[in-house]
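Beneath this line is the structure, given in structure tokens, with notes to follow.
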Number of protein chains: 2
Amino acid sequence: MTMPVRRAGSDFVAPARQEHVRAHNLGLLLQRIAADATPVSRIELARATGLARPTISRLVDDLLTGGLITEVGPDRSRSAGRPPIGLTLSRTGPAGLGLDMRTGSLTACIVDFTGAVRHLEFAPRTHPVTAPEQTIDDLAAIAKNAIGTAAAQGLTVAGVTLAVPGPVQDRSRVRFAPAIGWRDFDAGARLRAALGSDEVAVAVDNEAGLAALAEWHASDRQLRNFVCLFGDFELGAGIVLDGELLRGARGWSGELGHVTVEPDGSTCACGAKGCLQEYAGLAAILAAVPDAEQRSGALSHQTPAVTIGVLADRLPEVRAALARAGTALGISVGALINLIDVDTVLLDGSYSLLATWLTDEIQTQIRDRVLTARWSPVEVRAAPIGPDAAVIGAALTVVDDVRRDPSTWITRPRS
Amino acid sequence: MTMPVRRAGSDFVAPARQEHVRAHNLGLLLQRIAADATPVSRIELARATGLARPTISRLVDDLLTGGLITEVGPDRSRSAGRPPIGLTLSRTGPAGLGLDMRTGSLTACIVDFTGAVRHLEFAPRTHPVTAPEQTIDDLAAIAKNAIGTAAAQGLTVAGVTLAVPGPVQDRSRVRFAPAIGWRDFDAGARLRAALGSDEVAVAVDNEAGLAALAEWHASDRQLRNFVCLFGDFELGAGIVLDGELLRGARGWSGELGHVTVEPDGSTCACGAKGCLQEYAGLAAILAAVPDAEQRSGALSHQTPAVTIGVLADRLPEVRAALARAGTALGISVGALINLIDVDTVLLDGSYSLLATWLTDEIQTQIRDRVLTARWSPVEVRAAPIGPDAAVIGAALTVVDDVRRDPSTWITRPRS
DNA sequence: GTACTTTGTTACAGACTATTACTAATCGAT
DNA sequence: ATCGATTAGTAATAGTCTGTAACAAAGTAC
């Protein structure tokens, strides 16, 4: 049994101290309490974790005084003996704030410590998508407002995470986001400066990975190995292996949209030929919608994915474009599964709204092209959350960090 | 700082006890001692790990009595003060035995605790490649002989690992190996039975991952994120992220050979169309060699890769086939890097012998197709070890397991 | 009300590491 | 050659964890 205590991004492996045992066990308990929807008693925790009952009591005391969990009155409906005291995550524990930008709007989301969404807000854009500084400043204004709203509900925001459609370095610098034209922009630094306060931790991350985190929580952490396809005009994949987000060497894994489907296909915005983006990106599918339809009436106020969904029922050329997209997605996701071996594919973001027209084609390609698919089938389905998954996931990262290592949040009083 | 104590393949997260602190620190020390080629003193370990000097002394005592490390006489060439006592890995510590099968031969390899290859043996095949039972029995005979050879050198073999060209379940059952026609055969069980003894741990693993492990050791664990292309008639990829082999949900990641290159390409042995295998597999390249050359003379006794290498200098059609292979490899590896983000590509196995004709094409495709390649270049080069990497890696897994968690090997006497 | 049963806590022992003070072994100047 | 300076390694003891065993608390069943 190993105990790798690593600092991310460094080959420095830290020594273990006794306090790390406690830190680990605190996290273990908290994860366990979070896992069950119903309150858990100390003795159930002891049985589930294998720790001794007195140890559980001591750890639980720390979590209680730290405000991370709450006792719920004794449950009297048992058979004999002293009734157990239930423990649940505290609704007033540290909350997370997620930020997100879409083609038409800026989004903020507040999630409390139980993982429940307490606030979800859409603000219209006042600047073009291609203006990074102004966009971040607007987001910071929304964030400040959201933090106020949270305070009014008795919540303390412990951190802010911004979702971005492209690879992010060191959870701060946006390297390249073709869909919005950002290139090498330190969104984290700008956001930190705009927020002013040093109270909250600021992070920036790829939206697909964040969406995967949200869907993982939505599944009550039952999904352990899956890939989450997220995006609208930029397609990315959030890969979760053994309950852990796969970040890659430098943090920019999951660029599914730029996997080659046809080596000699059309040229993508990234410069390469035949990227998945060119077949399954929202822009590629929209290109099949006749101009007359695009300009006409009520649909133009909907998001592109909804427009496509409505038109697919009516126009065969839209259905054909969706079939092409599905095939291309299937080929690329097949490559991903051959390489990384996950057992579930979630269609998220805009693709969750188009799942009806996509799943069959993707399923077929996977069945044909994945070596191991014949004896271990891969499940393909729409993600339960959908387009809001990235903001929610962004907010959840904050909560998740505290849950994984509560010792950083709890400042235990010395006796 | 988290301390994830997990059992692989299960969502059970174990509680931490004090003994795990020691186990972790023992591993930490051993890794540190292994990292430096020159002997390390206790005080250097203290500085490097951050542990207190007395703690180091106690841990080192355990490693010494466990026979994992050795003291080398004081180094007198220092300036002032008591000279430090050097510590190195013990050459007589637990050794590993690797087994491997190739088209023409069966291979065994013994590696001592320092990672040095002490024995490498090639035996001709006496049965067709497609006969799993006989092949395993032959390998067991070779293994027994090798264990004897090791004993004669004063080495104790702690475990045996068999390298297999295909996905392996639970480190024992071969699910599907197209190149040799094996399907759903529990090689681990057969090998355990044939070896008789319960003394040695038996494991079966994918050859590409094992090769990656060997190359990782050969780089003195300097490579932290890379992919290792390995194979001859079956191509696989061993993916290492942050110094850890990526195994995937069920253990069968890295099936690069069956990633789609041309959606409508020729049909592969696996049933799919346009697999990389069909362009870059050794069989595909060999198909370009004229029949006359294949039958003629001295070359036929060489391995296929050597044959191709020799003919490439003479025949343009062979060079063309290699160029095609390189392009296809570049496209597939590009997909891998877009998805997983590694910074180095090693051409191993047969491909290490053909690197001269492949690297440029692969490099070009990666530069064109990987989104992040423009600001963070990917290195492509021949792997230092080559075709023997899988057997050596197989033997190294045994040593590596003990090195990562020496506490299981050391049975510390109670005071 | 008494016995029984189950939950949670207190008191003390065992297993670690850190701190502090010590011993060991060498160099260099006198 | 001897004494100090310097560096390496080791006891002795304290602090921080968890585990074990005994105990207190709070119910049900009769």
Side-chain angles (χ1 to χ4, degrees), chain A residues 1 3 5 14-29 39-65 69 71-87 407 410 412-415, chain B residues 1 3 5 14-29 39-65 69 71-87 407 410 412-415:
Chain A
M1 205 170 293
M3 246 190 187
V5 182
R17 314 264 153 87
Q18 287 93 323
E19 48 205 282
H20 297 142
V21 175
R22 188 179 200 85
H24 174 259
N25 287 338
L26 277 174
L28 181 62
L29 281 197
V40 192
S41 71
R42 289 169 174 78
I43 202 131
E44 284 174 309
L45 289 173
R47 276 195 277 264
T49 61
L51 289 163
R53 297 201 301 272
T55 308
I56 298 286
S57 279
R58 273 185 296 262
L59 294 170
V60 162
D61 276 350
D62 282 0
L63 294 175
L64 281 170
T65 55
I69 60 173
E71 285 189 337
V72 300
D75 175 9
R76 313 210 165 196
S77 61
R78 296 295 180 93
S79 51
R82 174 176 174 173
I85 304 167
L87 301 167
S407 64
I410 299 171
R412 204 151 47 92
R414 305 273 134 191
S415 57
Chain B
M1 204 171 291
M3 242 188 187
V5 181
R17 313 264 152 87
Q18 286 90 328
E19 48 205 283
H20 296 142
V21 175
R22 190 181 198 87
H24 175 260
N25 286 338
L26 277 173
L28 181 64
L29 281 197
V40 191
S41 71
R42 288 170 176 77
I43 203 134
E44 284 173 309
L45 288 173
R47 277 195 276 264
T49 62
L51 288 163
R53 296 200 300 274
T55 307
I56 298 286
S57 280
R58 272 186 298 265
L59 293 171
V60 161
D61 276 349
D62 282 1
L63 294 175
L64 282 168
T65 54
I69 60 173
E71 286 190 337
V72 302
D75 176 9
R76 315 214 162 194
S77 60
R78 297 295 180 93
S79 50
R82 175 176 172 174
I85 304 165
L87 301 166
S407 63
I410 299 173
R412 201 151 48 92
R414 305 273 133 189
S415 56

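Each chain gets a letter, A, B and so on, in the order its sequence line appears, and its residues count up from 1. In what follows, every heavy atom counts, from backbone to side chain, and hydrogens, waters and symmetry copies are set aside. Bear in mind that the values here come from a model prediction, so they are computed numbers and not experimental data.
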Using the side-chain contact (heavy atoms from CB on, under 4.5 Å) rule, take A/R22 and A/S407 through it: C-alpha gap first, then chi angles, then the decisive distance, then the call.
CA-CA 8 Å; A/R22 188 179 200 85; A/S407 64; over 6 Å; no

[X] has an atom [atom1]; how far is it from atom [atom2] of [N], in whole Å?
X     : N      : atom1 : atom2 : answer
A/I85 : C/dT6  : CD1   : P     : 17 Å
B/E71 : C/dA25 : CD    : P     : 12 Å
B/E19 : D/dT18 : CD    : C1'   : 9 Å
A/L29 : C/dG8  : CG    : P     : 13 Å
B/L64 : D/dT10 : CG    : P     : 10 Å
A/D62 : D/dC17 : CG    : P     : 9 Å
A/L45 : C/dT7  : CG    : P     : 12 Å
A/L51 : C/dG8  : CG    : P     : 15 Å

Find the distance between CG (B/N25) and CZ (B/R58) and round it off to the nearest 0.5 Å.
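Here the rounded value is 11.0 Å.
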
Separation of A/L26 CG from A/D62 CG (nearest 0.5 Å)
6.0 Å

With side-chain contact (heavy atoms from CB on, under 4.5 Å) as the test, would you mind laying out the steps for B/L45 and B/R53 before giving the verdict?
CA-CA 8 Å; B/L45 288 173; B/R53 296 200 300 274; over 6 Å; no

If you assign B/Q18 and B/I43 each to the DNA chain D nucleotide with the nearest heavy atom, which residue ends up on the more 5' nucleotide?
B/I43

Is there a side-chain contact (heavy atoms from CB on, under 4.5 Å) between B/L28 and B/L59? Walk through the geometry before answering.
CA-CA 10 Å; B/L28 181 64; B/L59 293 171; over 6 Å; no

[X] vs [N]: side-chain N/O to OP1/OP2 distance below 4.0 Å:
X     : N      : answer
A/N25 : D/dT18 : yes
A/S57 : C/dG8  : no
A/R47 : C/dT7  : yes

Can you find an N or O donor on one side and an acceptor on the other, under 3.5 Å apart, linking the side chain of B/R82 with the base of D/dT7?
no

Nucleotide of D/dA8, D/dT18, C/dA18 approaching A/R17 most closely (side-chain heavy atoms):
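It is C/dA18.
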
Under 3.5 Å between N/O atoms: give me all the protein pairs with nucleotides 19-22 of chain C, atom names plus distance.
none

A/H24 side chain vs A/V21 backbone, donor-acceptor pair below 3.5 Å
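Side chain of A/H24 to backbone of A/V21: no pair is present.
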
What I'd like to find out is whether the side chain of A/L64 reaches to under 4.5 Å of the side chain of A/V60, using heavy atoms alone.
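When only atoms from C-beta onward are counted, A/V60 and A/L64 do touch, with a gap below 4.5 Å.
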
